[in-house]
Amino acid sequence: MSCADGGTLEECRLLIDYRRMPDRPVPMISVDPFVEESLALAALRNAEPCLWLNPSRQATPAPEQRALGETISLDDTKAAAARFERFAPLLAQLFPELAGTQGVIESPLVPAAALRPAVGLPQGQGALWIKADHSLPVAGSIKARGGIHEVLEFAERLALEQGLLTPASGPDDYRQLASPAARAVFGRYQVAVGSTGNLGLSIGVAASALGFRAAVHMSADAKEWKKERLRRRGVEVVEHAGDYEKAVAAGRTQAEADPFCHFVDDERSLSLLLGYSAAALHLRTQLAEAGIAIDAEHPLFVYLPCGVGGAPAGIAFGLRQLLGPHVHCLFAEPVQSPCFMVQMLAGEGSHPSVYDLGLDNRTEADGLAVPRASLLAAALMQPLLSGCFTVRDETLFEQLVQVLDATGARIEPSAAAGFSGPAMLAGSPAGRAWLQAQGLAPHLAQATHVVWTTGGLFVPPEEYERFVARGRALLLQAQGG
């Protein structure tokens, strides 16, 4: 028997459910909020796709959230959005691709009904949309939000200290930050970051455009084309033999010895996180413009690829502050790099690595190849996050192709991670049990599912064709071809 056949929650606890996704059977260990942590950890150790739902989620978030000594609120998100607005005229001047949006860096919200059968979202379980951050200008990924925000915040602070701006300066005055005098000030400073690729691109491109010296410490799993794109922008690329965590640590140590170096710390930065959170304000506007209501009878489910955790945590924070109990955010991770789920299971006072579970942290989703989660992001998400799920690399390539065929969108493998979420949630015994327990099951027909695609705009054509060829071969193999 199975839970779908009417099993009790107790019987579901030990269920390994082989559910049929389109074209192929996919083994999945479903973990519901009542299951012992040991079962979730067993699934993670076995590198099996699994779903974990957060029993600590608070329906109504507190107006202020504390994490590692930091206190943030919706006012901080609005302040980050206001900073983007102040800099918009300057950004339009520095980046020709922003001329049409007057310096606004944003992505469309795209209906994706044609994709629903491919990703396994059952009929009558809600509408599917894509938040297309894979098409974000300037940096080509979600990292354009947080990364560029932190560079702008650092530049603004220096400009105020050096008298290039005053507290009364308006957006038009910010164009002065492209002047030779401003560039001379900024040129005395270096902006550095540790990255597997996309964050490095956003930091490097923004910093060098303003006149900062820019350095990106990159791990061995970073894609070569991302390194070359940075070098063409005049960014120093420092390569490290180890993984993402070691690249960040090396960059942080070097920056600490240089008073003229600002290090963008993906593991600890509140500025990064708040830059990401500003996306929630725009998404709320887009939903309203599309006529989509978000309330108790019209829930919103958002699926976000997760690496170290700063980007999805920032967005989830902003959405929870804006939409309260009516939005449910779930993070997607590769089966070999589920650092955020590992951290959420461990709780406060511990900081485990995926290596501790015998995983190798090797994945084609390079932006998600992170062994240890941000403690800042994890602490912030403890009362806010609805859950996490993991996916195999093979699934990323298959769904990359399915997204291309159904919508024409060209995404990179890491950006495909969220597309397993709707079926995991609405199509698995664990997901259905949780939806029932949360009182959401009766409202699924009116639900909205938003999958956040995080990168792909600047993937070279030959690299993208390799992704597509691999995905098509996997789909053909699954069909018995």
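Everything numeric here is computed off the predicted structure, so don't read it as measured data.
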Q | Distance-only polar pair, side chains of Thr390 and Glu333, donor-acceptor under 3.5 Å | A | no
**Q.** Main-chain N/O of Ala59 paired to Arg320 side chain as donor or acceptor, under 3.5 Å
**A.** yes
Q. For the side chain of Thr285 and the backbone of Leu281, is there at least one donor-acceptor N/O pair under 3.5 Å apart?
A. yes
Q) Can you check whether Gln176's main-chain N or O pairs, donor with acceptor, with Ser179's side chain at less than 3.5 Å? A) yes
Q) Taking 4.0 angstrom as the limit, do Lys223 and Glu364 come out as a salt bridge? A) yes
Q.
Please check this pair: side chain of His326 against backbone of His298, looking for a donor-acceptor N/O pair closer than 3.5 Å.
A. no
Q | Glu106 with Lys131: basic N within carboxylate O range, under 4.0 Å | A | yes
Q) Of all heavy-atom pairs between Val354 and Val370, which one has the smallest distance, and what is that distance? A) CG1-O, 4.3 Å
**Q.** Arg231 with Glu224: basic N within carboxylate O range, under 4.0 Å
**A.** yes
Q) Between the side chain of Ser277 and the main-chain N/O of Gly318, is any donor-acceptor distance below 3.5 Å? A) no
Q | Distance under 6.0 Å and angle within 45° of ring axis: Arg188 vs Phe260 | A | no
Q. So, Tyr189 and Asp258: side-chain donor and acceptor under 3.5 Å apart, yes or no?
A. no
Q.
Checking Thr453 against Asp133: is there a side-chain donor and acceptor pair closer than 3.5 Å?
A. no
Q. Is the gap between the ring centers of Tyr276 and Phe317 under 6.0 Å?
A. no
